[in-house]
Amino acid sequence: MNHDDRTCCAELRQAQEREAALERELGTCKALLRGSNHEIERLRRAWEEASAELARTQEESARIEAELMKAMMGKDQQLMGMEEEKAQLQQEVDALKQAMSMEAQRSRQGRDPEVSVSATRWEIGEDGLEL
C-alpha cells in the first residue's frame, strides 16, 4: 500500500467513525424526540383536562351567580313588601292616635259624657291595632 492508499484508508476510517458517532447522536436525538413527543402529549392531555375543569367551574359559577341574583331579587321584593306593610301599619296607628285624641278632646269638652278614653294598652293584632 502506498502513501496515498494509506491516507485514503485513514480518511475512510475517520469518516466511518464520524458516521458511527453521528448515527449514535441521531439515535439519541430520536430517543429524546420520542420522549419529548410523549411529554408533549401528556401536557396536551393535562391542558385539555384543565380546560374542561375550567369550563365546568365557570358554568357552576354562572349557575350560583344566577341563584344568588334570584335570591337577592326575592329578598328585595320581600323587603319592599315589608316596608309597604310597615307604612300601612303606621298610617293605622296614626289614624287611631288621632281618633283617640279627638275622643279625648270631646270627652273633656263634655259633648259626649259617656265617651271616655280609658284604654291604656293597645296591641297589634292580625287586623291592626286592637284595644
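Model, not experiment: these values are computed from the prediction.
Residues that satisfy the side-chain contact (heavy atoms from CB on, under 4.5 Å) test with Lys30, not counting sequence neighbours, are Leu26, Arg34. Contacts of Arg45 classified as salt bridge (charged side-chain N to carboxylate O under 4.0 Å, His left out), with partners at least two apart in sequence or in another chain: Glu41. Remark: Gln78 pairs with Lys75, Met82 by the side-chain contact (heavy atoms from CB on, under 4.5 Å) rule, at least two apart or across chains. In this structure, the side-chain contact (heavy atoms from CB on, under 4.5 Å) partners of Arg56, at least two apart in sequence or on a different chain, are Ala52, Glu53. The salt bridge (charged side-chain N to carboxylate O under 4.0 Å, His left out) check on Glu39 picks up Arg42, with sequence neighbours excluded. Residues meeting the side-chain hydrogen bond (donor to acceptor under 3.5 Å, both in side chains) test with Glu48, sequence neighbours left out: Arg44. Judged as a side-chain hydrogen bond (donor to acceptor under 3.5 Å, both in side chains), and not counting sequence neighbours, Glu84 has no contacts. Applying the salt bridge (charged side-chain N to carboxylate O under 4.0 Å, His left out) criterion to Glu65, with sequence neighbours excluded, gives no partner residue. Scored by the side-chain hydrogen bond (donor to acceptor under 3.5 Å, both in side chains) test, Glu59 finds no partners at all (sequence neighbours excluded). With sequence neighbours excluded, the residues that form a side-chain contact (heavy atoms from CB on, under 4.5 Å) with Asn37 are Leu33, Ile40. Residues passing the side-chain hydrogen bond (donor to acceptor under 3.5 Å, both in side chains) test with Glu11: none are found, sequence neighbours excluded. With sequence neighbours left out, the salt bridge (charged side-chain N to carboxylate O under 4.0 Å, His left out) criterion links Glu25 to no other residue.
Formation of a donor-acceptor pair under 3.5 Å by the Ser101 side chain with backbone atoms of Lys97 is not found in this model. One N or O on the side chain of Ser36 and one on the backbone of Leu32 form a donor-acceptor pair closer than 3.5 Å.
Atom CD of Glu60 is separated from atom CZ of Arg63 by 4.0 Å, given to the nearest 0.5 angstrom. With rounding to the nearest 0.5 angstrom, the CD atom of Glu103 is 10.5 Å from the CD atom of Gln105. The CE atom of Met69 sits 9.0 Å away from the CG atom of Asp76 when rounded to the nearest 0.5 Å. Taking SG from Cys9 and CD from Gln16, the interatomic distance works out to 9.5 Å, rounded to the nearest 0.5 Å.
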### Query
Checking side chain to side chain contact (heavy atoms under 4.5 Å, CB included) for the pair Leu89/Lys86: CA distance, chi angles, key distance, verdict?
CA-CA 5 Å; Leu89 288 173; Lys86 178 185 173 188; 5.7 Å; no
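Just one residue in the list Gln91, Glu92, Gln90 forms a side-chain contact (heavy atoms from CB on, under 4.5 Å) with Asp94, and that residue is Gln90.
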